[in-house]
Amino acid sequence: MPRSHVDLVVRPGWLVPVEPPGTVLTDHALVVDRGRIRDILPVDFAAQLYDASETHELPQHAVLPGLVNAHGHAAMTLLRGLADDLPLMDWLAQHIWPAEARYMGADYCRTGVTLACAGMIRSGQTCFNDMYFFPEITAQVVDEVGMRATVGLIVIDFPNAWADGAASCISRGIEVHDQVRAMGNPLLRTAFAPHAPYTVPDGALLKVRRYATELDIPIHMHVHETATEVAQAVARDGRRPLERLDALGLLGENFIAVHMTQVLDAEIAQTAGHHFSVVHCPESNLKLASGFCPVASLLDAGVNVALGTDSAASNNDLDLWGEMHTAALLAKGVAGRATALPAAAALHMATLAGARALGLGEETGSLVKGKSADFIAVDLSPLQTQPLYDVISQLVYAAPRAQISDVWVAGRALMREHRLLTIDEAALGAHVHEWGQRIHG
């Protein structure tokens, strides 16, 4: 029988598809053609059936889906370390917003997003969901770098370098949505990104709801991030933010609630009932002392819970691989149960749950025939991941991001043997240094 010609065959020591949960395949090959997963089958059968332009033998590596960072502010990577060890509102109002007012622009965003992409690729991320100003610049950078992204059409009700207020943000956002569609890049999508209940008025939120429905795109928003935010909302009109958003009709399957550290049992049931996703940002929440997302309770209620890094200004890295480790440990401590978030569930949060939150569950987030070939390779041979009893546990609890050696998006290599292929690191470093000198003096 003649063999079919394909673009790529990868033969790892272990293949971790995420679907079905907890599965680890040995002696299997991943077959890629035209950017998609053509087949997953035993290596002997792969040799009989397929002739590949490229074959990668990775006997010491685990191959798994690329990670999906379901919430971040990529351009803010240029503010990394600028204002540390402060509570959220002091951090925002006294440091971050003034710095943005002074320095933010298209060039700032281009350098910041490129720096963010470099860090995300190195930590195994193939897809991210962004919320920031100048989203058209984010789309251009992502298109050049080759990642997958949902570009947030930010809405915030105060003048900024990109728009004059909420109404201007919405009109400009619709323009960016059209621009992104015109680019014709299947790796790029958009979402409305109203900043938070306390920065966007009812009228603007109603417009966001209407346009999101018309354009069939998600709504991505910070919700219940701190106890202060919730208390101020109650003092203002007697309602908690989630109740207000529900009354405005925003809650539904296309809604993505980020943080959710202050959640009542009734709100967990409300979240499950409306079938919207929650994005947990454990390290940013810990650093800003914002509170603890009740991950185990949300999962027990059937809520889709994804992972995000938030910005490098509040984290201070964009290491979703590390977030996965932290999330697994933190969930156990918050729930008081060692079984609250097993390793396989944490890996699911970092991959398929994020894809589902973004409406991409049929496209990425797991290694399944027909899906996009978005995957990474992790070297498990170093001593810190030996001896090897359980591959998924070792990935979540022991392997550092430095052992991520290779990253592919839609079958295209973005990193091979630890070397970035679509970003000029030397040129980027020079630009970052210039911006650091300008911001900090």
Give a yes or no on whether the backbone of [Y] and the side-chain of [X] come within a donor-acceptor separation of less than 3.5 Å.
X	Y	result
Gln394	Leu388	no
His224	Leu242	yes
Asn129	Ala70	yes
Asp130	Ala74	yes
Trp162	Cys169	no
Lys369	Arg36	no
Asp406	Ala377	no
Thr111	Tyr108	no
Trp321	Ala399	yes
His28	Thr26	yes

Looking at [atom1] of [X] and [atom2] of [Y], how far apart are the two atoms once the value is rounded to the nearest 0.5 Å?
X	Y	atom1	atom2	value
Gln403	Asp379	CD	CG	6.0 Å
Ile174	Tyr211	CD1	OH	4.5 Å
Arg110	Phe134	CZ	CZ	12.0 Å
Lys287	Leu86	NZ	CG	8.0 Å
Thr199	Asp157	OG1	CG	8.0 Å
Leu67	Thr126	CG	OG1	7.0 Å

Any chance [atom1] of [X] has more than 12 other-residue heavy atoms, nucleotides or ligands included, within less than 6.0 Å?
X	atom1	value
Arg337	CZ	yes
Lys332	NZ	yes
Glu144	CD	yes
Arg210	CZ	yes

Tyr198 and His195 aromatic ring geometry - parallel, tilted or perpendicular at 30°/60° bounds: perpendicular
Taking the inter-plane angle between the rings of Phe375 and Trp408 on a 0 to 90° scale, is it parallel (under 30°), tilted (30 to 60°) or perpendicular (over 60°)? parallel
Side chain to side chain contact (heavy atoms under 4.5 Å, CB included) between Asn185 and Val142, worked out: CA-CA 10 Å; Asn185 183 343; Val142 173; 5.9 Å; no
Can Met324 and Met349 be said to form a side chain to side chain contact (heavy atoms under 4.5 Å, CB included), step by step? CA-CA 8 Å; Met324 176 174 65; Met349 286 174 63; over 6 Å; no
Under the criterion side chain to side chain contact (heavy atoms under 4.5 Å, CB included), I'd like the reasoning laid out for Leu205 against Leu250: C-alpha separation, chi angles, the key distance, then a yes or no. CA-CA 8 Å; Leu205 290 175; Leu250 266 73; 4.0 Å; yes
Residues [X] and [Y] bridged, charged N to O under 4.0 Å:
X	Y	value
Asp107	Arg438	no
Glu363	Arg189	no
Arg416	Glu54	no
Asp317	Arg80	no
Arg240	Glu229	no

Show which side-chain atoms of residues 277-285 pair as donor or acceptor with protein atoms under 3.5 Å away, not counting sequence neighbours.
| residue | atom | partner | partner atom | Å |
| --- | --- | --- | --- | --- |
| Ser277 | OG | Asn304 | ND2 | 3.0 |
| Glu283 | OE2 | Thr326 | OG1 | 2.7 |
| Ser284 | OG | Asp310 | OD2 | 2.8 |
| Ser284 | OG | Ser314 | OG | 3.1 |
| Asn285 | ND2 | His259 | ND1 | 3.1 |

Side chains of [X] and [Y] in contact at under 4.5 Å (non-hydrogen atoms):
X	Y	answer
Glu417	Ser405	no
Leu64	Val18	no
Pro194	Ile219	yes
Leu298	Cys293	yes
Val10	Val32	no
His348	Arg356	yes
Val295	Val334	no
Leu358	Thr364	no

The test is side chain to side chain donor-acceptor pair (under 3.5 Å); show your working for Thr422 and Arg412 and say whether it passes. CA-CA 10 Å; Thr422 60; Arg412 177 189 182 190; 5.3 Å; no
Non-hydrogen atoms of [X] and [Y] that approach each other most closely:
X	Y	answer
Thr150	Ala191	CG2-CB, 3.6 Å
Ala163	Ser168	CB-OG, 3.4 Å
Tyr397	Pro342	OH-C, 4.2 Å
Gln125	Leu318	NE2-O, 2.6 Å
Cys127	Leu360	SG-CD1, 4.1 Å
Met260	Pro294	O-CD, 3.5 Å

Please evaluate residues Asp374 and Val409 with respect to the criterion side chain to side chain contact (heavy atoms under 4.5 Å, CB included), reporting the C-alpha separation (whole Å), side-chain torsions for both, the decisive distance (0.1 Å), and the verdict. CA-CA 4 Å; Asp374 302 352; Val409 176; 3.8 Å; yes
Single hit among Ile156, Ile256, Val258, Ile154 for side-chain contact (heavy atoms from CB on, under 4.5 Å) with Met131: Ile154
Is a donor from one side chain sitting under 3.5 angstrom from an acceptor on the other, for Glu323 and Asn69? no
If you apply the rule side chain to side chain donor-acceptor pair (under 3.5 Å), what do you find for Ser366 with Glu19, and how did you get there? CA-CA 6 Å; Ser366 60; Glu19 288 186 282; 2.6 Å; yes
Centroid-centroid distance, His222 to His73, less than 6.0 Å: yes
